[in-house]
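Here's the structure we're looking at; comments come further down.
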Amino acid sequence: MPELPEVETIRRSLVDKVEGRQIHGVEILLPRLIKWPSAHEFQALVTGKTIQQLDRKGKYLILRLEDNMTIVIHLRMTGRLYFVNSGEKPDRFTHIIFDLGTGNKLFYADTRTLGTLYAMPESELWRIAGLASMGPEPLSAEFSPAYFCGLLSARKGRIKALLLNQKLIGGLGNIYVDEALAIAGIDPDRLAYTLNEEETARLYQAVNQVIDEGINHGGTTFRDYRDGTGKSGSHQNYLSVYGRKGQPCKRCGAPIERKEVAGRGTHYCPNCQR
DNA sequence: CCGTCCTCCTGGCCGC
DNA sequence: TGCGGCCAGGAGGACG
């Protein structure tokens, strides 16, 4: 599941390969993945344009083309964007193919087909609500201790739901939320406003730490995730709780448990997280 | 306004 | 060995 560290790793692995390249054509094998405008209009808007910059905001990839055109991609659960050399054949999960010329292509593949793609002028990016209303990202100046503290005191919901809410904090998903709560020693079921000053400071630090480490390890490869060159990440080797149900807590040895919090499968140490 | 639940989608895994 | 059923979860919409 690509979260901020995975999407950032994909961006870094592709930036030198796509910036300055022209989109010679687009093959759309599964039109319903194009959320705006129609698949036909998408092709017309981007064909012939040069990719000037590859950006990321939260879990969104943003390809900035000439003439202020943009392609926005959200990988959701199983989306993959990768660069291929001439001769590489698309498999049955490859749904969109960008032809970059001289045999190079950019494949968008997606087993569960939940990913979304958009093309529009930069001035119309407000149409993508999830992008326009996204909260500040961990590690950014905007994501300050004061901002985080203000979020927690104002909310009645569970801390896990708050951390997953992209309008409040951009880029966290289920894996990094469980990890941050484990590092901070906080039960995911806690109501946000009940965290005291010291717990809030620990959680703030932990959120930034897991995102920083996730990026440094090239993301977490559980099943589908690969970077833009097909390489796996390594952060799965450093996880405290996610996917470790029944295995001993690395801090206290108690078995990691799994429960449902805020409608999500949630991994935690019942001994260390209170 | 806010929080909770449902929906989309398919491969992989579990149990009989 | 085959197959039904359930699970994975990001985000948007319905609903209270």
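Here is the naming used below: chain letters follow the sequence lines, and residue numbers restart at 1 for every chain.
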Quiz item: Does Lys59(A) put a side-chain nitrogen or oxygen below 4.0 Å from OP1 or OP2 of dA11(C)?
Solution: yes
Quiz item: Considering heavy-atom distances to DNA chain C, does Tyr60(A) or Met77(A) have its closest nucleotide positioned more toward the 5' end?
Solution: Met77(A)
Quiz item: For DNA chain C, which residues in residues 175-196 of chain A have a heavy atom at a distance below 4.0 Å?
Solution: none
Self-check item: Length of the line joining Met134(A):CE and dG12(C):P, which is rounded to integer Å
Solution: 9 Å
Exercise. On DNA chain B, check which nucleotide each of Arg264(A) and Asn165(A) is closest to and give me the residue with the more 5' one.
Key: Asn165(A)
Exercise. Consider the side chain of Tyr242(A), meaning its heavy atoms from C-beta on, and name the nucleotide among dG10(C), dG9(C), dT10(B) that approaches it most closely.
Key: dG9(C)
Exercise. Identify which nucleotide among dT10(B), dC8(B), dA11(C) has an atom closest to any side-chain atom of Arg112(A), counting heavy atoms from C-beta outward.
Key: dT10(B)
Self-check item: Which nucleotide in dG11(B), dG12(C), dG9(C) has an atom nearest any side-chain atom of Asn174(A)
Solution: dG9(C)
Self-check item: Under 4.0 angstrom between Arg92(A) side-chain N/O and dG11(B) OP1 or OP2
Solution: yes
Quiz item: Between Glu122(A) and Arg64(A), does at least one N-O distance fall below 4.0 Å, as a salt bridge requires?
Solution: yes
Quiz item: Looking at His74(A), does any N or O in its side chain come under 4.0 Å of the phosphate oxygens OP1/OP2 on dA11(C)?
Solution: yes
Practice problem: Could you state the atom-to-atom distance from CD of Glu260(A) to C1' of dC6(C) in whole Å? | Solution: 13 Å
Quiz item: More than 12 non-hydrogen atoms from neighbouring residues, nucleotides or ligands closer than 6.0 Å to NE2 on His24(A), yes or no?
Solution: yes
Quiz item: Do Tyr176(A) and Glu6(A) get their side chains close enough for a donor-acceptor pair, meaning under 3.5 Å?
Solution: yes
Practice problem: May I ask you to check whether Phe222(A) and His235(A) place their ring centres under 6.0 Å from each other? | Solution: no
Practice problem: Report the distance from atom CZ of Arg32(A) to atom C1' of dC9(B), rounded to the nearest whole Å. | Solution: 7 Å
Practice problem: Please confirm whether His95(A) and Tyr108(A) have ring centers closer than 6.0 angstrom. | Solution: no
Exercise. Answer with yes or no whether the side chains of Ser234(A) and Asn237(A) bring together a donor and an acceptor at under 3.5 Å.
Key: no
Self-check item: Between Asn104(A) and Lys17(A), a side-chain donor and acceptor under 3.5 Å
Solution: no
Practice problem: Measure from CZ on Arg158(A) to P on dT4(B) and round the result to the nearest Å. | Solution: 6 Å
Quiz prompt | Rounded distance (Å) that lies between atom P of dC7(C) and atom CE of Met1(A) | solution = 16 Å
Quiz item: Touch check for Gly130(A), heavy atoms < 4.0 angstrom, all strands: base, sugar-phosphate only, or nothing?
Solution: sugar-phosphate
Exercise. Figure out the CZ/P separation between Phe222(A) and dC13(B), and round it to whole Å.
Key: 13 Å
Quiz item: Between Lys259(A) and Tyr268(A), is NZ or CZ placed under 6.0 angstrom from the six-membered ring centre and within 45° of the ring axis?
Solution: yes
Quiz item: Just how far, in rounded Å, is C1' of dG12(C) from OH of Tyr118(A)?
Solution: 9 Å
Quiz item: Can you tell me if the side-chain N/O atoms of Tyr225(A) get under 4.0 Å from OP1 or OP2 in dG9(C)?
Solution: no
Quiz prompt | Atom-to-atom span, CZ of Arg76(A) to C1' of dC9(B) - whole angstrom | solution = 11 Å
Practice problem: Classify the nucleic acid contact of Leu75(A) as base, sugar-phosphate or nothing, counting any heavy atom under 4.0 Å across all strands shown. | Solution: nothing
